[in-house]
Every structure is written in structure tokens, then in C-alpha cells.
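The following block contains the structure, expressed as C-alpha cells.
In listed order, ligands and their atoms are each counted from 1.
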Amino acid sequence: MKLLTIAGTRPQLVKVAAVSRELRKYFTEVLVNTGQHYDYNMAGIFFDQLQIPKPEYNLGVGSMSHGRQTGNMVIRIEEVIEKEKPDAIVVYGDTNSTLAGALVACKLHIPIMHIEAGLRSYNKKMPEEINRVMTDHVSELLFAPTNLAVENLKVENITKGVHQIGDVMYDAVLYNMDIAEENHSLSDFQLSSKEYILGTIHRAENTDDVERMTAIINAFLSLDYKVFLPLHPRTKNKLNEYSLLAKLECASNIILSEPVSYLEMLLLEKHASAIVTDSGGVQKEAYFAKVPCFTLRDETEWLETVKIGWNQLVNPLNDNLVDLINSFEKKNYEENLYGDGKASEKIVQIIKNYFQE
Ligand code: UD1
Ligand code: UDP
């Protein structure tokens with residue numbers, strides 16, 4: 001059986017690394033890299049460091065408006081599917097690469113297997129919400145990380161083919177944490193454990209809103225901690241445009257960095273005293289690392305971490321991030337909110353059963 005995997009952004013590469021390792025034990029996998037992310041520190045380093053198989057196809061689509069980017073991917077993915085004639089396609093998460101793969105496959109009647117299905121923010125202004133809702137509605141197998149994701153799908157009358165298997169990002173953390181500690185050290189960043197806050201920002205709702213970005217940056221500048229900020233290229237561009245980059249560059253408590261590798265990121269997360277982010281993946285990794293997380297969003301798809309008190313939603317315009325961080329009290333930690341670290345094995349078993357039936 002031949003499976004065609006579509007990926008192209010940083011978080012998808014982390015997930016592909018975990019799942020491909022299992023998938024290739026039983027299936028022929030053809031990997032298509034859309035090239036949605038293309039800087040070495042946003043894509044290439046993940047292939048190298050996580051030993052992701054060399055893609056059979058590099059579409060090199062790159063950055064452009066949503067319509068053009070998705071449309072270009074659709075054209076190129078259709079050509080690949082027509083040539084490869086896969087038995088199914090595998091897509092991950094909620095990016096434009098996910099939607100493009102799903103659109104082509106459903107029109108060509110190729111079964112779609114969606115990893116990280118059923119997540120909802122119920123905010124249709126987020127491009128990711130559109131991508132994930134549309135992908136879920138055309139998928140044959142839906143791999144939901146949580147019970148809440150299964151329930152979200154039920155509300156939309158999707159019950160067939162839904163499997164709750166946990167989160168493949170937990171598989172990735174378990175596999176890589178020791179490797180991260182063996183190969184990297186905080187001293188590479190001139191940091192010591194628990195003396196800094198780690199921040200990542202890249203969501204359109206923050207980066208594209210000058211007031212929100214200004215409020216976030218002012219909060220970082222007011223913290224009594226060092227703040228380590230690996231900047232997503234989108235964020236760096238916007239900070240420059242808003243004339244906020246120079247302010248950060250000369251602040252004594254801010255350490256600006258290019259995006260770091262996944263292994264470095266795991267280490268930085270583990271030793272942070274708190275994490276401030278708008279990333280989906282980083283919210284979960286904060287939970288895995290047992291580090292309090294402050295999420296710069298009005299809603300989250302990962303509500304379980306909020307419910308147990310380890311993740312707090314922060315509106316940068318209305319809430320005082322500095323006070324929230326300073327007053328955080330550790331809550332009881334609940335283990336295994338995102339499965340047992342064997343999500344990839346379960347996915348592969350379910351796909352095997354699907355083809356046998
Ligand atoms: C995309 C996903 C988002 C995901 C994020 C992970 C969509 C709609 N969004 O957002 O769900 O959370 O990836 O990081 O698919 N850029 C570079 N170099 C790169 C990549 C991007 O300079 O290698 C810059 C470009 O200016 C580009 C901007 O970042 O226009 C945004 O990139 P894009 O892939 O469109 O969206 P992300 O914000 O990365
Ligand atoms: N990540 C990384 N280096 C960085 C920032 C993030 O390796 O400088 C990793 C992070 O550990 C997580 C993934 O990228 O595994 C999350 O990607 P991102 O925040 O870009 O997207 P999201 O999860 O929000 O879709």
C-alpha cells in the first residue's frame with residue numbers, strides 16, 4: 001500500500017518525524033514537502049536533526065497570500081497524486097498545506113487520513129479553523145488527539161472513522177528529550193535553568209495587530225526575568241514594520257534569537273520558568289515539560305491544559321501578563337492528557353486495519 005504524506009510547515013515536520021518512523025515499517029510512504037516553510041531554520045534543520053526521510057517531491061511553494069499559496073499547492077499536489085496514484089493521503093493539522101492536500105485528494109476520491117483531527121477554536125477568523133473544519137469534513141480516517149476533539153467532531157455529525165489516539169507531539173517529545181539533553185546545553189544560550197521566560201509569537205491575530213504586538217512587547221520588557229525570544233520570520237518582519245524590533249534589541253532583559261532547532265527548543269522549554277506563546281504545539285510542550293504556560297490568545301484548542309490550571313489565556317490588551325506570571329501558583333499536575341506516547345503506533349495499526357477491511 002502506498003501512502004502519500006503532505007507536509008510543509010515547522011510543526012508538521014515534527015509530527016511527520018514521529019509518524020513516518022512507524023509508517024515506513026509497513027507502508028510505502030511518498031513524502032511531499034510543499035515548501036510552505038523554506039528557511040533552513042524553519043524547515044531544513046528539522047529534516048536533518050529529526051532524520052525525516054528525504055522528500056520524494058519538493059514543491060517549493062513558499063510564501064504568498066492564502067489563495068495563491070493554497071492554489072499553487074493544489075495544482076502541484078494534483079500532479080503528484082496523478083503520477084503516484086497513492087492508496088491514501090496523510091495530512092497533518094490545520095495549515096494551508098493540509099487544506100490543499102485534502103482538497104485535491106477528495107476530488108480525486110483518494111481516502112484522506114487526518115492526523116490531529118477535531119480541534120476547534122470556534123473562531124472562524126483564524127485561517128487554521130477554516131482549514132481544519134474543511135479537512136475534517138472530507139476525511140475518511142480522523143485521528144483525534146483528545147476526547148474533546150472527538151466531541152467536537154460529533155457536534156458536526158462526524159463519527160465514522162474517528163479514532164482517539166493521543167497526540168503524536170507527545171511521541172516526539174518522549175523520543176527526543178534525552179537526545180536533546182545529550183546534544184545541547186543551556187550554556188549555548190548563556191542561560192541557566194529557571195531564570196528565564198521563553199516566548200514565541202506567530203499567530204496572525206497577534207502579529208498583524210500593532211496594538212496587540214506593542215502590548216506584548218511592553219509586557220516582555222517589564223518582566224523581572226530574562227526573556228528568550230526565538231523569532232518566527234513573520235514576527236520579525238512585523239516587529240520591524242512596527243519599529244518595535246530596535247526597542248527589543250537594546251533591552252537588557254531580552255535575548256532575541258533566530259528560530260531554534262527542535263532539540264534546542266525542547267531544552268529551552270524544559271528549563272524555562274514560564275512559557276509565553278500563541279503556538280499550539282508549544283502550549284502542549286509546556287504541559288509535557290510541566291512548565292506554566294501563558295497563551296496570548298482569546299481561545300485555545302488545547303483546553304485540557306487550561307482546565308488543569310497549567311495554561312492561562314491572556315488577552316494582551318486587557319490582562320496584565322506580568323502580574324499573571326508573578327502570581328502563578330503551581331496546581332496539581334494531571335498526567336497523560338494527550339495519551340501515552342504511542343499515538344503513531346496506534347495510527348499505523350488503524351490504517352493497517354482500514355486497508356484489511
Ligand atoms: C503557518 C500556518 C500556521 C502554523 C505556522 C507554524 C497557515 C495558514 N498557517 O503560519 O497554522 O501555526 O505556520 O509556524 O498555514 N516566512 C519566512 N520564511 C519561512 C516561512 C515563512 O520568511 O520559511 C515568512 C514569510 O514572510 C511569510 C510569513 O512568514 O509570509 C508567514 O508564513 P506562512 O507559512 O504563510 O504562515 P505562518 O505564519 O508561518
Ligand atoms: N519550535 C522550534 N523552534 C522554534 C519555535 C518552535 O523547534 O524556534 C517547535 C516547537 O517546539 C513545536 C513546533 O515548533 O514543536 C511548534 O510550531 P509553531 O509554533 O511554529 O506552530 P503551531 O504549533 O502553532 O502550529
| Shortest protein contact, atom 4 (C) of ligand 2 (heavy atom only) | R10 NH1, 3.3 Å
| Are the charged groups of D171 and K346 less than 4.0 angstrom apart, N to O? | no
| message | Does either side chain, that of R212 or that of N206, offer a donor lying less than 3.5 Å from an acceptor on the other one? | response | yes
| Distance-only, no hydrogens or angles: does the D39 side chain make a donor-acceptor pair with backbone N or O of N41 under 3.5 Å? | no
| message | If we only consider heavy atoms of E128, is any one of them less than 4.0 Å away from an atom in ligand 2? | response | no
| Should you measure from each heavy atom of N237, which atoms of ligand 1 turn up under 4.0 Å away? | 26 (O)
| Is G281 close to ligand 2, meaning an N/O of one under 3.5 Å from an N/O of the other? | yes
| Identity and separation of the nearest protein heavy atom to atom 12 (O) of ligand 1 | H202 NE2, 2.9 Å
| field | Within reach of ligand 1, part of E128 (heavy-atom separation under 4.0 Å) | value | side chain
| Heavy atoms from other residues, nucleotides or ligands near CG of N332 exceed 12 (cutoff 6.0 Å) | no
| said: Tell me whether M64 reaches ligand 1 (any heavy atom closer than 4.0 angstrom to a ligand atom). | reply: no
| remark: the protein heavy atom lying closest to atom 16 (C) of ligand 2 turns out to be S279 OG, 3.8 Å
| Quick one: nearest non-hydrogen protein atom to atom 25 (O) of ligand 2, plus distance? | P11 CG, 3.5 Å
| request: Can you sort out which atoms of ligand 1 are near M42, meaning under 4.0 Å from one of its heavy atoms? | output: 23 (O)
| Verdict with reasoning, F189 to Y196, per side chain to side chain contact (heavy atoms under 4.5 Å, CB included) | CA-CA 11 Å; F189 303 96; Y196 64 93; over 6 Å; no
| Are the side chain of H66 and the backbone N or O of P127 linked by a donor-acceptor pair below 3.5 Å? | no
| request: Enumerate the atoms of ligand 2 whose separation from the nearest heavy atom of P230 is less than 4.0 angstrom. | output: 8 (O)
| Residue, atom name and distance, where the atom is the protein heavy atom closest to atom 29 (O) of ligand 1 | R234 CB, 3.5 Å
| N/O separation below 3.5 Å, T200 to ligand 2 | no
| query | D208 pairs by salt bridge (Lys or Arg N to Asp or Glu O under 4.0 Å) with which of R203, K125, R234? | reply | R234
| query | Would K352 count as a cation-pi partner of Y26, with NZ or CZ less than 6.0 Å from the six-membered ring centre and within 45° of the ring normal? | reply | yes
| query | Do S121 and E129 have a side chain donor and acceptor closer than 3.5 Å? | reply | yes
| said: Taking 4.0 angstrom as the limit and counting only heavy atoms of E269, give me the atoms of ligand 2 inside it, by number and element. | reply: 11 (O)
| said: Students should be able to answer this: which protein heavy-atom is nearest to atom 39 (O) of ligand 1, and at what distance? | reply: H37 NE2, 2.7 Å
| Does Y262 offer a backbone N or O that forms a donor-acceptor pair with the side chain of Q49 under 3.5 Å? | yes
| request: Mark yes or no: K331 above the aromatic ring of F328, with NZ or CZ under 6.0 Å from the six-membered ring centre and no more than 45 degrees from the axis. | output: yes
| ligand 2 contact by M169, heavy-atom criterion under 4.0 angstrom | yes
| Closest protein heavy atom to atom 8 (O) of ligand 2, given as residue, atom name and distance to 0.1 Å | V260 N, 3.0 Å
| field | Over 12 non-hydrogen atoms of neighbours within 6.0 angstrom of CZ in R24 | value | yes
| task | Under 4.0 Å, heavy atoms only, figure out whether ligand 2 is touched by the backbone of S261, its side chain, both or neither. | result | backbone
| query | Quick check: does D278 get an N/O under 3.5 Å from an N/O on ligand 2? | reply | no
| If you measure every N/O of V282 against every N/O of ligand 2, is any gap under 3.5 Å? | no
| request: Give the contacting part of H202 toward ligand 2: side chain, backbone, both or neither, where contact means a heavy-atom distance below 4.0 Å. | output: side chain
| field | Sidechain N-carboxylate O distance under 4.0 Å for K226, E195 | value | yes
| task | Just let me know how E264 lines up against ligand 2, side chain, backbone, both or neither, with a heavy-atom cut-off below 4.0 Å. | result | neither
| query | Near P11, which atoms of ligand 1 are under 4.0 Å from a heavy atom of that residue? | reply | 6 (C), 14 (O)
| Quick one: which ligand 1 atoms are inside 4.0 Å of a heavy atom on N96? | 7 (C), 8 (C), 15 (O)
| Numbering as shown, the atoms of ligand 1 that approach S63 to under 4.0 Å (heavy-atom distance) | 16 (N), 21 (C), 25 (C), 27 (C), 30 (O)
| query | Looking only at side chains, do E241 and N237 share a donor and an acceptor under 3.5 Å apart? | reply | no
| For atom 10 (C) of ligand 2, what's the nearest protein heavy atom and its distance? | E285 OE1, 3.3 Å
| Taking N or O atoms only and a 3.5 Å limit, does H232 qualify as a polar contact for ligand 2? | no
| task | Examine Y287 together with W302 and report whether their ring centres are nearer than 6.0 Å. | result | no
